Asker: 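Following this message is one structure expressed as structure tokens.
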Amino acid sequence: MSVSLWIWAVLMLAIAAMLAVDLFLHRDNHVIGFREAAVWSGIWIAAGLLFGVVLWVWQGGDVAGTYYAGYLIEKALSIDNVFVFALIFSYFAVPAAFQHKVLFWGVIGALVFRLVFIFVGAELLETFFWTAYVFGAFLVYTGYKMAFRHDEQTPPDRNPVVRLVRRVVPTDPAFHGDRFFARIDGKRVATLLFVVLIAVETTDLIFAIDSVAAILAITTSTFIVWTANAFAILGLRSLYFCLAGLLRRFVHLHYGLAVLLAFAGVKLILSETPVGKLPIPVTLGVIVVTIAVSILWSLRSTRGAEALDGDSADSSANPAR
């Protein structure tokens, strides 16, 4: 799918405008409640689905179906991001009013990382056929780790990049409002909020590798992969505040995500064999069914926790776990 530069430019401006609106609406660092988060999650999801309709009218059903498949994979993997973000915020005891700012700048970094990975990954797949086997094997292994080693979490302050930043950049081990840097005794130092931002960025960098590789297994069209990632990531902040208090209900979701990653890996490997690429309707069907089954399985297994969810939802702006 060939897309002219002016369309890329319009898309980038539209994404920048949406980010600007989000930043303006939360410039006062107010605590985001469940209802506000749910409304904005609905808006961002509607925007992502509407873009698929635009693609359908512009490029046809196959292209739109490919976009929706990539969007659903990224959206599902975003829920796993929420688990980790909740852990980081709880570990560092980040005040609820400052969490949105960290997530906002975290999303900016996520979009940049993904843009680089998408163009590099697509170029590798187009140039060297054997990279499909490498990426495919990586996705299958990642799926295995997610299914059977999901609970093996490294403490955020043991993150190698976080430790390096603390060693290289003068850091004060305290929050100074919503500032990433502060001046103490005439010396400019990083605050604990900046350390939290680094932890979020490096964690999302790892997630970006998985999600971009999974969507590249569906298509190597950089425009489709980028838009699927961008529209799914735009709603990540609202999704966090919407789901953070309900995460205890998604106990089996990681199995579904593991299946999706492994499926993407096998699909990518098969694309370089006589089997070829699987039809988009089959891919879309596998994604929808896998996500639906894992969520329903989780909700059914945690029905006894429903009474606790009301309290959790009300306190979702401060999701200490």
Side-chain angles (χ1 to χ4, degrees), residues 12-32 36-37 40-41 43-44 47 74 77-78 80-118 156-157 159-166 168-183 188-209 211-212 226 229-244 317-319:
M12 295 299 187
L13 287 174
I15 291 173
M18 287 186 279
L19 287 170
V21 168
D22 190 44
L23 181 62
F24 175 79
L25 290 175
H26 299 93
R27 65 191 183 282
D28 58 350
N29 289 325
H30 67 277
V31 177
I32 299 176
E36 180 184 358
W40 276 103
S41 289
I43 291 174
W44 294 124
E74 179 61 38
L77 289 172
S78 294
D80 206 52
N81 290 36
V82 170
F83 277 93
V84 179
F85 294 160
L87 173 66
I88 292 173
F89 288 152
S90 176
Y91 186 89
F92 288 106
V94 181
F98 306 150
Q99 292 175 5
H100 185 276
K101 181 174 182 178
V102 174
L103 290 174
F104 176 84
W105 291 107
V107 166
I108 297 292
L111 290 172
V112 173
F113 290 145
R114 280 165 168 74
L115 189 61
V116 173
F117 290 162
I118 287 166
D157 64 347
N159 181 312
V161 179
V162 170
R163 296 173 67 182
L164 177 63
V165 168
R166 279 182 153 169
V168 174
V169 181
T171 306
D172 185 64
F175 294 108
H176 292 263
D178 67 341
R179 290 178 294 174
F180 292 127
F181 293 90
R183 191 168 294 278
R188 185 176 175 82
V189 299
T191 67
L192 185 58
L193 198 65
F194 180 75
V195 175
V196 174
L197 176 63
I198 296 299
V200 168
E201 290 282 19
T202 52
T203 299
D204 191 74
L205 179 62
I206 298 172
F207 281 120
I209 297 173
S211 61
V212 169
W226 165 245
N229 264 272
F231 277 102
I233 290 298
L234 281 174
L236 181 59
R237 298 171 308 287
S238 298
L239 184 68
Y240 169 80
F241 289 104
C242 188
L243 294 182
N318 188 19

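Only a predicted model underlies this, so the values are computations on that prediction, with no experimental measurement involved.
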Asker: Answer whether the closest heavy-atom distance between the side chains of Ile198 and Thr202 falls below 4.5 Å.
Answerer: yes
Asker: Is the backbone of Ser211 close enough, under 3.5 Å, to the side chain of Glu74 for a donor and an acceptor to pair up by distance?
Answerer: no
Asker: I need the minimum non-hydrogen distance between Arg166 and Leu192, along with the two atoms involved.
Answerer: NH2-CD1, 3.5 Å
Asker: Would you find a donor on one side and an acceptor on the other, under 3.5 Å apart, between the side chain of Thr203 and the backbone of Glu201?
Answerer: no
Asker: Excluding sequence neighbours, so at least two apart, what forms ring-ring contact (aromatic ring centres under 6.0 Å, His included) with Phe194?
Answerer: Phe181
Asker: Sequence neighbours excluded, which residues qualify as side chain to side chain contact (heavy atoms under 4.5 Å, CB included) partners of Leu234?
Answerer: Ile15, Met18, Leu19, Trp44, Phe231
Asker: From Leu193 CG over to Trp105 CH2, what is the distance, rounded to the nearest 0.5 angstrom?
Answerer: 12.5 Å
Asker: Which heavy atom in Val169 sits nearest to a heavy atom in Ala190, and how many Å separate them?
Answerer: CG1-CB, 3.9 Å
Asker: Grab the two heavy atoms, one from Ala110 and one from Ile233, that are nearest each other, plus how far apart they are.
Answerer: CB-CG2, 4.4 Å
Asker: Looking at CG of Asn229 and CZ of Phe117, how far apart are the two atoms once the value is rounded to the nearest 0.5 Å?
Answerer: 11.0 Å
Asker: Which word best sums up how the rings of His100 and Phe104 line up, parallel for under 30°, tilted for 30 to 60°, or perpendicular for over 60°?
Answerer: parallel
Asker: Just wondering, do Val196 and Lys101 contact through their side chains at under 4.5 Å, heavy atoms?
Answerer: no
Asker: Drop me the distance from Arg183's CZ to Asp172's CG, to the nearest 0.5 angstrom.
Answerer: 13.5 Å
Asker: For the CZ atom of Phe98 and the NE2 atom of His176, what is their distance to the nearest 0.5 Å?
Answerer: 11.0 Å
Asker: Of the non-hydrogen atoms in Leu197 and Gly106, which two are nearest, and what is the gap between them?
Answerer: CD1-N, 3.9 Å
Asker: Please determine if Arg114 and Asp204 form a salt bridge, counting it only when a charged side-chain N lies under 4.0 Å from a carboxylate O.
Answerer: yes
Asker: Between Phe175 and Phe92, does a ring pair (Phe, Tyr, Trp, His ring centres under 6.0 Å) hold up when you go through it step by step?
Answerer: CA-CA 10 Å; Phe175 294 108; Phe92 288 106; 8.1 Å; no
Asker: ring-ring contact (aromatic ring centres under 6.0 Å, His included) with Tyr91: which residues, sequence neighbours excluded?
Answerer: none
Asker: Look up atom CG in Leu103 and atom OH in Tyr240, then write down how far apart they are to the nearest 0.5 Å.
Answerer: 6.5 Å
